[in-house]
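Because the structure is predicted, anything quoted here is derived from the model rather than measured.
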Amino acid sequence: MSHDQAIRSIRHSLSEVQNGRQSIAEFCREWRSQTALLADLPARYAQMMEDLLGRLEAGSLFTDESCSFSQQDLLANLAVWADKAEQACYAQRSP
């Protein structure tokens, strides 16, 4: 899978979870499965993604009122992560 396809896949997954058509567990599996993309990005990208996904998974175990992590904020941060990952991929391709 190309990096463009991987980015499209994680963006689609993000849309699906935001619209309630995908569970948090499926969403996290999809993002973590993008190993080729993660291998080509600087290590801090994998670390940040895993931190956000871990908090998202932990927060999904509680209701919004009892959890210190806002699911919407975490998903917004993951959308920013996807934007930055895409930019980093394009920057690597530039001569």
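Under 3.5 Å, the side chains of Q34 and E30 contain a donor-acceptor pair of N or O atoms.
Distance check, rounded to the nearest 0.5 Å: CG of L37 to OG of S2 gives 9.5 Å. Separating the CZ atom in R21 from the OG atom in S13 is a distance of 11.0 Å, to the nearest 0.5 Å. Atoms CD1 and OH, on I7 and Y90 in that order, are 8.0 Å from each other to the nearest 0.5 Å.
Looking at residues two or more places apart in sequence or on another chain, you find a side chain to side chain contact (heavy atoms under 4.5 Å, CB included) between E50 and R32. Checked against side chain to side chain contact (heavy atoms under 4.5 Å, CB included), A39 has no partners two or more places apart in sequence or in another chain. Applying the side chain to side chain donor-acceptor pair (under 3.5 Å) test to S15 and every residue at least two apart in sequence or in another chain returns N19. In terms of the side chain to side chain contact (heavy atoms under 4.5 Å, CB included) criterion, residue partners of R29 (sequence neighbours excluded) are, by chain and number, A25, E26. A search for side chain to side chain contact (heavy atoms under 4.5 Å, CB included) contacts involving R8 returns D4, Q5, not counting sequence neighbours.
Here the closest non-hydrogen pair linking L56 and C28 is CD2-SG, 4.4 Å. Of all non-hydrogen atoms in I24 and Q71, the two that sit nearest each other are CD1-NE2, 2.9 Å. Residues M49 and L38 share a closest heavy-atom pair of CE-CD1, 3.6 Å.
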TODO: Take E86 and R11, measure what side chain to side chain contact (heavy atoms under 4.5 Å, CB included) needs, and give me the verdict at the end.
DONE: CA-CA 11 Å; E86 184 175 32; R11 286 189 192 280; 2.8 Å; yes
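Under the ring pair (Phe, Tyr, Trp, His ring centres under 6.0 Å) criterion, the residue pairs touching residues 4-27 are F27-W31, with sequence neighbours excluded. The stretch residues 37-49 participates, sequence neighbours left out, in these side chain to side chain donor-acceptor pair (under 3.5 Å) pairs: H3-D40.
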Return all side-chain donor-acceptor pairs below 3.5 angstrom for residues 72-80, not counting sequence neighbours, or 'none' if the list is empty.
| from | atom 1 | to | atom 2 | distance (Å) |
| --- | --- | --- | --- | --- |
| N77 | ND2 | D73 | O | 3.2 |

